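It should be emphasised that the depicted structure is a prediction, and the values quoted were computed from it without experimental measurement. Numbering of ligands and ligand atoms starts at 1, following listing order.
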Amino acid sequence: MTGEGNNTYLLAVDDGPATLIDAGVGHAQHLTDLAVALEDRHARLADVLVTHGHADHASGGEALALAHPGARFFKQPWPGQDEQYAVAWRPLADGDVALAGAEQLQVVATPGHSPDHLAFWHEGSRTMFTGDLVVLGTSVMIHASRGGDLSDYMRSLERVLALRPAVLLPAHGPRVTDPVKLLTAYLEHRRDRERQVMAALGSGHATVEAIADSIYHGLDAALMPAARENVRAHLEKLRVEERAFYDLDRWRL
Ligand SMILES: [Zn+2]
């Protein structure tokens, strides 16, 4: 599910401290590339800011801590998830300011893809490091059964959109140079899908499977589990908003 792999971002000052955004997975080549990049600038790894606790972003913390004993590791706490990594996490929260070399990054809570998800905002360049908030060319999985929340996710998209960023730097895929267009399209897509889920409920489809089959008719069977997870996320959002109801194993309007 990581596509071409992960992006991590190194913000370094010559002869000074460096900040890494996301820890990756501890891949040997990543550790080597990081060491070379730091060496080139005579910089030292001071801080690692982790966007969220999913393994492809956080599990590399252990290898980084061994290779860079002075580094500090920050993320928003996610009890039950963070403990699986042997890292002395320091807490970050919405509104905090993190140092990145000579620059400051504002911490922006962007829950939805995961409950602990953070983005990092550089006001001067209107650049946001967005973790798994968006991936160019595809949509982002919201696992309702594993801490994902579509209502939160849509609010996070709206919040980032309101900042009118110039560039988004995601953890997967290329940089986003037209964030307003992408974020608007993401929101539109989810609203369209929600209308489809409502229509499916209206025509009597009462299970996740039946709703997914009616909306994603003809989809490659290998993709159906992801489609059902998406339907589940929409239903959960509608249930919280009291626009859909679930009883006796059946969904209804
Ligand atoms: Zn993730």
Side-chain angles (χ1 to χ4, degrees), residues 1-10 19-27 30 48-64 73-87 89 91-94 98 105 107-121 128-161 165 168-176 179 182-183 185-187 189-190 193 223 225-234 236-237:
M1 298 298 267
T2 64
E4 299 286 297
N6 296 8
N7 302 320
T8 66
Y9 297 92
L10 183 66
T19 295
L20 183 69
I21 296 181
D22 271 341
V25 297
H27 194 284
H30 183 244
V48 179
L49 310 179
V50 170
T51 57
H52 64 297
H54 288 160
D56 48 331
H57 305 261
S59 65
E62 295 178 21
L64 286 171
F73 294 80
F74 294 89
K75 72 183 294 300
Q76 175 156 252
W78 181 0
Q81 176 81 7
D82 297 339
E83 297 79 7
Q84 65 185 300
Y85 314 117
V87 174
W89 299 110
L92 272 186
D94 187 58
L105 297 175
V107 176
V108 181
T110 42
H113 170 70
S114 64
D116 62 335
H117 197 283
L118 298 175
F120 303 103
W121 172 236
M128 188 174 263
F129 298 89
T130 47
D132 280 357
L133 188 74
V134 298
V135 183
L136 199 62
T138 184
S139 63
V140 167
M141 281 302 293
I142 308 298
H143 290 279
S145 47
R146 287 194 274 140
D149 185 309
L150 186 57
S151 306
D152 285 349
Y153 179 68
M154 291 180 71
R155 271 193 295 276
S156 293
L157 292 175
E158 284 165 356
R159 184 172 178 198
V160 173
L161 178 60
L168 306 181
L169 297 175
H172 304 284
R175 67 172 53 207
V176 177
L182 182 73
L183 292 163
Y186 259 48
L187 284 161
H189 172 74
R190 297 284 176 174
R193 192 65 84 205
L223 299 175
R228 285 193 284 268
E229 191 63 34
N230 193 33
V231 166
R232 209 167 279 124
H234 277 284
E236 198 52 37
K237 174 176 183 290

### Message
Tell me whether the Zn ion (ligand 1) has His54 as a neighbour, meaning an N, O or S atom of it below 2.8 Å.
### Response
yes
## Note on the structure
The single option from Leu133, Val160, Leu161, Val134 that satisfies side chain to side chain contact (heavy atoms under 4.5 Å, CB included) with Tyr186 is Val134
### Query
How is the N/O/S atom of Asp132 that comes nearest to the Zn ion (ligand 1) named?
OD2
#### Entry: Electrostatic pair Arg232-Glu229, nearest N-O below 4.0 angstrom
yes
### Message
Looking at the Zn ion (ligand 1), is there an N, O or S atom belonging to Asp56 that lies under 2.8 Å away from it?
### Response
no
### Query
So does His52 have any N/O/S atom less than 2.8 Å away from the Zn ion (ligand 1)?
yes
### Task
Find, among atoms of His113 that are N, O or S, the one nearest to the Zn ion (ligand 1), and state its name.
NE2
### Query
Donor-acceptor pair, His57 side chain versus Gly24 backbone, under 3.5 Å?
no
#### Entry: Donor-acceptor pair between Asp152 and His117 side chains, under 3.5 angstrom
no
### Query
Are Thr51 and Asp22 close enough that a side-chain donor and a side-chain acceptor fall under 3.5 Å?
yes
